[in-house]
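Here's the structure, in structure tokens; my notes come after.
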Protein chains: 2
Amino acid sequence: MSVLNPSLSVDCVIFGLDTQEQALKILVYERDIFPDDNSGNKNLKFPGSLVADDESLDESADRVLKELTGLKNICLKQFRAFGDPARIKYDEEREWSERHYGVKIDRVVTIAYYALIRIDEHNPDQKLIKDKLRWINIDDTDNLAFDHSYILAKSREALQQDFIFQNVMAFELLPKKFTLQQLQSMYELILGSKFDKRNFRKKIGKAEYIVPLGEKQNGVAHKPAMLFRFDHKKFERSKEGIRNFFI
Amino acid sequence: MSVLNPSLSVDCVIFGLDTQEQALKILVYERDIFPDDNSGNKNLKFPGSLVADDESLDESADRVLKELTGLKNICLKQFRAFGDPARIKYDEEREWSERHYGVKIDRVVTIAYYALIRIDEHNPDQKLIKDKLRWINIDDTDNLAFDHSYILAKSREALQQDFIFQNVMAFELLPKKFTLQQLQSMYELILGSKFDKRNFRKKIGKAEYIVPLGEKQNGVAHKPAMLFRFDHKKFERSKEGIRNFFI
DNA sequence: CCAAAAGTGTTTTAATTACACCCATGA
DNA sequence: TCATGGGTGTAATTAAAACACTTTTGG
């Protein structure tokens, strides 16, 4: 591979929906420099790396994600650059970066991407996850390495805004066949709020791209729910008509 | 000033509302390298420059804008990084960059900012504007230098999205005292669509941060319009309650 | 028969849309 | 007195919000 630019990196915030636990998590990478102390989360960072000189930012993000996690064909969305000269705060962090990348580091601007995936489907490479990668709950993420807590906060805002504006690939998050309860739970986790079940269903009922299959769940110890699927083509068509927001 | 990073720049897309002409314009900077030929807009670029190593991206954008245009205290919003290695397309563009900055250029990632201002109030520095800067109509901007036409397209999307989400400083665009017609025209120019006058006024009537002054226009050859002002504090308060979009 | 989640409707209130005429002013 | 843009209201439709009980299944 060609030469790494010492002042330019990409970082990937991977949001994972855990359908079983009904939780939203993020994928973090454990650095090896402070191996054992009680340093809280400061060994945890997002998968990221310096950018090579012959790749675009998007390519770089795809490559880095694949190298560090095994994840590929993930739809990453660039949402922001972070460039405070003091974002690598501590000498030890600078030192870690220099040892890790093998180049002299002065100041690094990072271009941040996010993606939303299903934890149980796209599981990162098993070998890597064992010693380096972890899913952690999104509410348990204070004090990440560098300025990654700040990056996380901004990525959540971007995610929510994009989700509301419907540009977002949120249906990859559910199983092919899903219940309305799972769908509602997804909305609630991403937007961080609760909705009324009946009103939610009324609204969903109008979205022609959420299609009832004839089938029901089985094996559940309660009334089985109707299963639905997501229709991509109808969804794309429905996105045309988004122009009636303010006024 | 300290050393410039040869692979990192900022660019500023300055949208200017021209209240007289009722037009939305952008501020472009004329490069001096192709001085006379019929090169269309390819000598025109956004004000931008390489980033110094000891400044944040935001600081860099503020500095560059001030140096190149005289504009200061403008609320710039970062909206996107552009990093295709081929974004500096032509050898002549690379050559221009190298001569202009005096450093060897390989590939430049640019962090793009936008701002919305009133043309008649914040006028860029007069000496500069005469030979380097021009306001051009937003619909007349094909084929700018580098990838700046693409950057413009993306900045418009960001502007519209931010405007709808109300995070945006759009009332700086109007005179302190403005008419509802001016307000509507601003909405239409920014969002690129037309609204019904009565429905617009009905909606505006509910926004408590748009306050009628007792006064009317004068000197106009028709029924004079009521003047309004914008109440910053009430606007800030009203922004709290933005959480009821989708569902 | 019990626990657990699914499923379902109505009423009230607020927002959106479409639409056309008279008014005040300066020239 | 005319040209110009300012200003106004209603009715119909659609969306939003609040709210509680019955159904089906497995254990």
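Remember, it's a predicted structure, so these values are computed and weren't measured experimentally. The chains referred to below are lettered A, B, ... by the order of the sequence lines, with proteins before strands, and numbering in each begins at 1.
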Can you check whether [X] and [Y] have ring centres sitting under 6.0 Å from each other?
X	Y	answer
A:F230	A:F235	yes
A:H148	A:Y150	no
B:Y29	B:F46	no

Rounded to the nearest angstrom, tell me the gap between atom [atom1] in [X] and atom [atom2] in [N].
X	N	atom1	atom2	answer
A:M226	D:dT23	CE	P	17 Å
B:Q217	C:dG26	CD	C1'	13 Å
A:F200	C:dT8	CZ	P	15 Å
B:F178	D:dG5	CZ	P	20 Å
B:R198	D:dG9	CZ	P	11 Å
A:F195	C:dG7	CZ	C1'	20 Å
B:R201	D:dG9	CZ	P	12 Å

TODO: Classify the side chain of A:K223 and the base of D:dT22 as holding, or not holding, a donor-acceptor pair under 3.5 Å.
DONE: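 No, no donor-acceptor pair under 3.5 Å.
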Open item on the list: Any N or O donor-acceptor pair under 3.5 Å from the base of C:dT25 to the side chain of B:K216?
Closed with: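 No, no donor-acceptor pair under 3.5 Å.
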Open item on the list: Pick the closest DNA chain D nucleotide for B:A221 and for B:K197 by heavy atoms, then say which residue is nearer the 5' end.
Closed with: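 Upstream on the strand: B:A221.
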- [ ] Could you check B:T179 against A:P224 and say which one's nearest nucleotide on DNA chain D is further toward the 5' end?
- [x]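 On the 5' side of the pair lies B:T179.
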Open item on the list: Heavy-atom nearest nucleotide on DNA chain C for B:K202 versus B:V220: which residue maps closer to 5'?
Closed with: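 Result: B:K202.
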Open item on the list: I want to check a possible cation-pi pair here: A:R237 against A:Y209, using under 6.0 Å from ring centre and within 45° of the ring axis as the test.
Closed with: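 Negative - A:R237 is either too far from the ring of A:Y209 or too far off its axis.
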Open item on the list: Is B:K203 close enough to C:dT16 that one of its side-chain N or O atoms is under 4.0 Å from OP1 or OP2 there?
Closed with: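 Affirmative; the distance criterion is met.
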